[in-house]
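Right, one structure below, let's go through it.
What you see is a predicted model, and the numbers here were worked out from it, not measured in a lab.
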Amino acid sequence: MKKILLISNNGNGFYNFKRELVTRLLEIGYEVHFATPAYKKLVDIIAEGAHFHEIFIDRRGTNIFKDLGLLRQFRRIIKEVRPDIMIAHTIKPNIYASILSKRYGIPYMNNITGLGSALQRNDKAARLLRMLYRVSLSNSQSIFFENAGNRNYFERYKIGNAGRYVVVPGAGVNIDLFNPSLKSELSKKLNGTVFLFIARIMREKGTEEYLEAAQYIKKKYLSATFQVLGPYEETVYMEKIKEMESTGTVEFLGTSEDTRTEMSRADCIVLPSYHEGMSNVLLEGAAMGLPLITTDIPGCREAVCDGMTGFLCKTKSSESLINALERFLSLSPSERLEMGVQGREKMIKEFDRRLVVDRYVKAIQEATGEPNL
């Protein structure tokens, strides 16, 4: 039985976006190991027969000594499991686990879930990160990208073998789990027009633009509701959102174990992000039959047919976002409904997670010499 080791920096994300891949690999006969930080729902994956290895990782930290500790964790797990292939997701596993796999002669693959804020600049940190990527990904069997823009970036800087690049539609979306029928089953719809922002609350997710747009729109459209759902990644926004709550401009919903509940009450998902790999929030919202308003960037624009399933706006522009919000507010109920229907159809045709899992499984079977099943 061939062994496969998957490594990611986030247990929650791994559960939400890779569970179907683990299930398929177990079904076709692989011994599956996965290494992530602890997360309570991972017990469901363990119950299916996968082996869990807990790791401790500072996702956003740049402390070299902490990263050396992470390197030791990866080395211990790789030597213990001795996988036939290793698949890394997210930046630090992609770099450190890949370097170790190359050193020990273990075939490996990489999933680039986004460029991250560091690579958006062209400073010393960005140049160092590109150098580390060149070293770590040089022997990668397959490099999966979640949008063409990220692929083009790696090709421009000659990172990895371009002949092994594979573009997939993000992590895909479970179209059965995220279903419009849940809108009536999960909760009662609120009055007025509800805009829902779901993200880690930080500048690069477009938090600033969303809050500025909410202030403007609420003065003209009293029935509009602006909700914020997600953890504070940057605490500078805590006081601002608390103040806007006191005036009735926004509603802070905290965090959620199942965002379908909050989506079921909304009319439109809004994400004015600066950069994404592929926004899972947008895919899930569209699968729920919700129109989308988001920025015209790689990782967001792919989820929207502008004017048909939602609206695109300019990055870092409150004015452009306000224009998109007002266009949505001008739509009739039937036009909004049709926009949501078209959005779900797009998810079914292009972003069904089963399509993504098929691409991964095919590449894994080719790399491990297993017949396609």
Just distance, no hydrogens or angles: give the donor-acceptor pairs under 3.5 Å from side chains in residues 296-312, sequence neighbours left out.
residue: D296; atom: OD1; partner: R301; partner atom: NE; Å: 2.7
residue: R301; atom: NH2; partner: D296; partner atom: O; Å: 3.0
residue: E302; atom: OE1; partner: G299; partner atom: N; Å: 2.7
residue: E302; atom: OE1; partner: C300; partner atom: N; Å: 3.4
residue: E302; atom: OE2; partner: G299; partner atom: N; Å: 3.4
residue: D306; atom: OD1; partner: L312; partner atom: N; Å: 2.9
residue: T309; atom: OG1; partner: C305; partner atom: N; Å: 2.9

Q: Determine whether M263 and R265 make a side-chain contact, defined as any pair of heavy atoms from C-beta on separated by less than 4.5 Å.
A: no
Q.
For a side chain to side chain contact (heavy atoms under 4.5 Å, CB included) check, start with the C-alpha distance between H33 and I4, then their side-chain angles and the critical distance, and finish with the verdict.
A. CA-CA 6 Å; H33 295 254; I4 189 164; over 6 Å; no
**Q.** Smallest separation among heavy atoms of L5 and P83, with atom names
**A.** CB-CB, 3.9 Å
Q: Using only heavy-atom distances, determine whether the side chains of N110 and S140 contain a donor-acceptor pair under 3.5 Å.
A: yes
Q.
Show, in sequence, the C-alpha distance, side-chain angles and deciding distance for V270 and L325, and conclude whether the side chain to side chain contact (heavy atoms under 4.5 Å, CB included) test is met.
A. CA-CA 9 Å; V270 183; L325 292 167; 4.1 Å; yes
(Q) Please evaluate residues R134 and Y157 with respect to the criterion side chain to side chain contact (heavy atoms under 4.5 Å, CB included), reporting the C-alpha separation (whole Å), side-chain torsions for both, the decisive distance (0.1 Å), and the verdict. (A) CA-CA 9 Å; R134 287 192 196 96; Y157 289 104; 3.9 Å; yes
Q) Do S223 side-chain atoms and G192 backbone N/O form a donor-acceptor pair below 3.5 Å? A) no
(Q) To the nearest 0.5 Å, what is the distance between OG on S136 and NZ on K102? (A) 7.0 Å
Q: Examine distances only and state if a side-chain atom of R336 and a backbone atom of C268 form a donor-acceptor pair shorter than 3.5 Å.
A: no
Q: Please identify each residue that fulfils ring pair (Phe, Tyr, Trp, His ring centres under 6.0 Å) with Y133, with sequence neighbours left out.
A: F154
Q) Do F17 and V22 belong to the same hydrophobic cluster, where Ile, Leu, Val, Met, Phe, Trp and Tyr are linked whenever their side-chain heavy atoms lie under 4.5 Å apart, directly or via other members? A) no
Q) Is there a donor-acceptor contact under 3.5 Å from the side chain of S98 to the main chain of I95? A) no
Q | Quiz item: cation-pi between R151 and F145, 6.0 Å / 45° | A | no
Q.
Distance check, rounded to the nearest 0.5 Å: Y39 atom OH versus I45 atom CD1?
A. 10.0 Å
Q: Count the heavy atoms of every other residue, nucleotide or ligand shown that sit under 6.0 Å from CD of E243, and state whether that count exceeds 12.
A: no
Q.
Quick check: do F34 and S8 have side-chain heavy atoms less than 4.5 Å from each other?
A. no
Q: Looking only at non-hydrogen atoms, find the nearest pair between E208 and K240 and report the distance.
A: OE2-NZ, 2.9 Å
Q: Determine yes or no for a side-chain-to-main-chain donor-acceptor pair under 3.5 angstrom, with S317 supplying the side chain and K314 the backbone.
A: no
Q | Result of checking I55, N9, I57 against K92 for side-chain contact (heavy atoms from CB on, under 4.5 Å) | A | I57
Q.
Tell me whether R200 contacts the main-chain N or O of P231 through its side chain, where contact means a donor paired with an acceptor under 3.5 Å.
A. no
Q. Where do G29 and M1 come nearest, in terms of heavy atoms and distance?
A. O-CG, 3.0 Å
Q) N111 and K18: side-chain donor and acceptor closer than 3.5 Å? A) yes
Q) With sequence neighbours excluded, what pairs up with E20 under the side-chain hydrogen bond (donor to acceptor under 3.5 Å, both in side chains) test? A) N174, R353
Q: Give, for atom CG of N147 and atom OH of Y153, the distance between the pair rounded to the nearest 0.5 Å.
A: 13.0 Å
Q: Check whether any side-chain heavy atom of E146 sits under 4.5 Å from a side-chain heavy atom of T113, and report yes or no.
A: yes
Q: Take the angle between the ring planes of H89 and Y360 and call it parallel below 30°, perpendicular above 60°, tilted in between.
A: tilted
Q: For the residue pair T315 and P272, establish whether any side-chain heavy-atom pair is separated by less than 4.5 Å.
A: no
Q: Might you confirm whether atom CZ of R82 has over 12 heavy atoms from other residues, nucleotides or ligands at distances under 6.0 Å?
A: no
Can you list, pair by pair, the side-chain donor-acceptor contacts under 3.5 Å of residues 211-218, counting residues two or more places apart and other chains?
residue: E212; atom: OE1; partner: S318; partner atom: OG; Å: 2.4
residue: K218; atom: NZ; partner: L222; partner atom: O; Å: 3.2
residue: K218; atom: NZ; partner: A224; partner atom: O; Å: 2.9

Q: Check whether more than 12 heavy atoms from other residues, nucleotides or ligands sit under 6.0 Å from atom CD of E345, and answer yes or no.
A: yes
Q: May I ask you to decide if M202's main-chain N or O and T207's side chain share a donor-acceptor pair within less than 3.5 Å?
A: yes
Q: For residues I46 and H51, determine if any side-chain heavy atom of one lies less than 4.5 Å from a side-chain heavy atom of the other.
A: no
Q | Exercise: identify the closest heavy-atom pair between I87 and I364 | A | CD1-CD1, 3.4 Å
Q: Check whether I159 and L128 end up in the same hydrophobic cluster, where Ile, Leu, Val, Met, Phe, Trp and Tyr are linked by side-chain heavy atoms less than 4.5 Å apart.
A: yes
**Q.** Closest contact, heavy atoms only, L271 versus S279
**A.** CD2-OG, 3.2 Å
Q) Got a second to check how far I78's CD1 is from Y108's OH, nearest 0.5 Å? A) 11.0 Å
Q: Name all residues meeting the side-chain hydrogen bond (donor to acceptor under 3.5 Å, both in side chains) criterion together with D176; count only those two or more places apart in sequence or in a different chain, and write none if there are none.
A: none
(Q) With heavy-atom distances below 4.5 Å as the criterion, would you say the side chains of K3 and Y30 are in contact? (A) no
Q | Within-4.5 Å side-chain heavy-atom neighbours: I7 and M86 | A | yes
Q) Are I112 and Y165 connected, step by step, through hydrophobic side chains (Ile, Leu, Val, Met, Phe, Trp, Tyr) whose heavy atoms are closer than 4.5 Å? A) yes
**Q.** Side-chain touch Q342/K346, heavy atoms, less than 4.5 angstrom
**A.** no
(Q) Tell me if the aromatic rings of Y210 and F195 count as close, with their centers under 6.0 Å from one another. (A) no
Q) Quick one: do E326 and K220 make a salt bridge, cutoff under 4.0 Å? A) yes
Q. Which atom pair, heavy atoms only, marks the closest approach of F52 to A38?
A. CZ-CA, 4.0 Å
Q) Should V361 and I28 be marked as a side chain to side chain contact (heavy atoms under 4.5 Å, CB included) after you check the CA-CA gap, both sets of side-chain angles, and the distance that decides it? A) CA-CA 10 Å; V361 170; I28 61 180; 3.7 Å; yes
Q. With the 4.5 Å side-chain cut-off for hydrophobic clustering, are F144 and L355 part of the same group?
A. no
**Q.** Any pair counted as ring-ring contact (aromatic ring centres under 6.0 Å, His included), so long as it reaches residues 258-281, sequence neighbours left out
**A.** none
Q.
I'd like to know if the side chain of N152 and the backbone of A148 have a donor-acceptor N/O pair within less than 3.5 Å.
A. yes
Q. Is it true that K205 and E233 make a salt bridge, defined as a side-chain N closer than 4.0 Å to a carboxylate O?
A. no
Q: Mind checking the CZ-CG spacing from R359 to L21? Nearest 0.5 Å is all I need.
A: 13.5 Å
Q: Tell me yes or no: between the side chains of E276 and S273, is some donor less than 3.5 Å from an acceptor?
A: yes
Q. Taking atom NE2 of H53 and atom CD of Q73, what is their separation to the nearest 0.5 Å?
A. 12.5 Å
Q. L253 and M238: same hydrophobic cluster, using ILVMFWY side-chain contacts below 4.5 Å?
A. yes
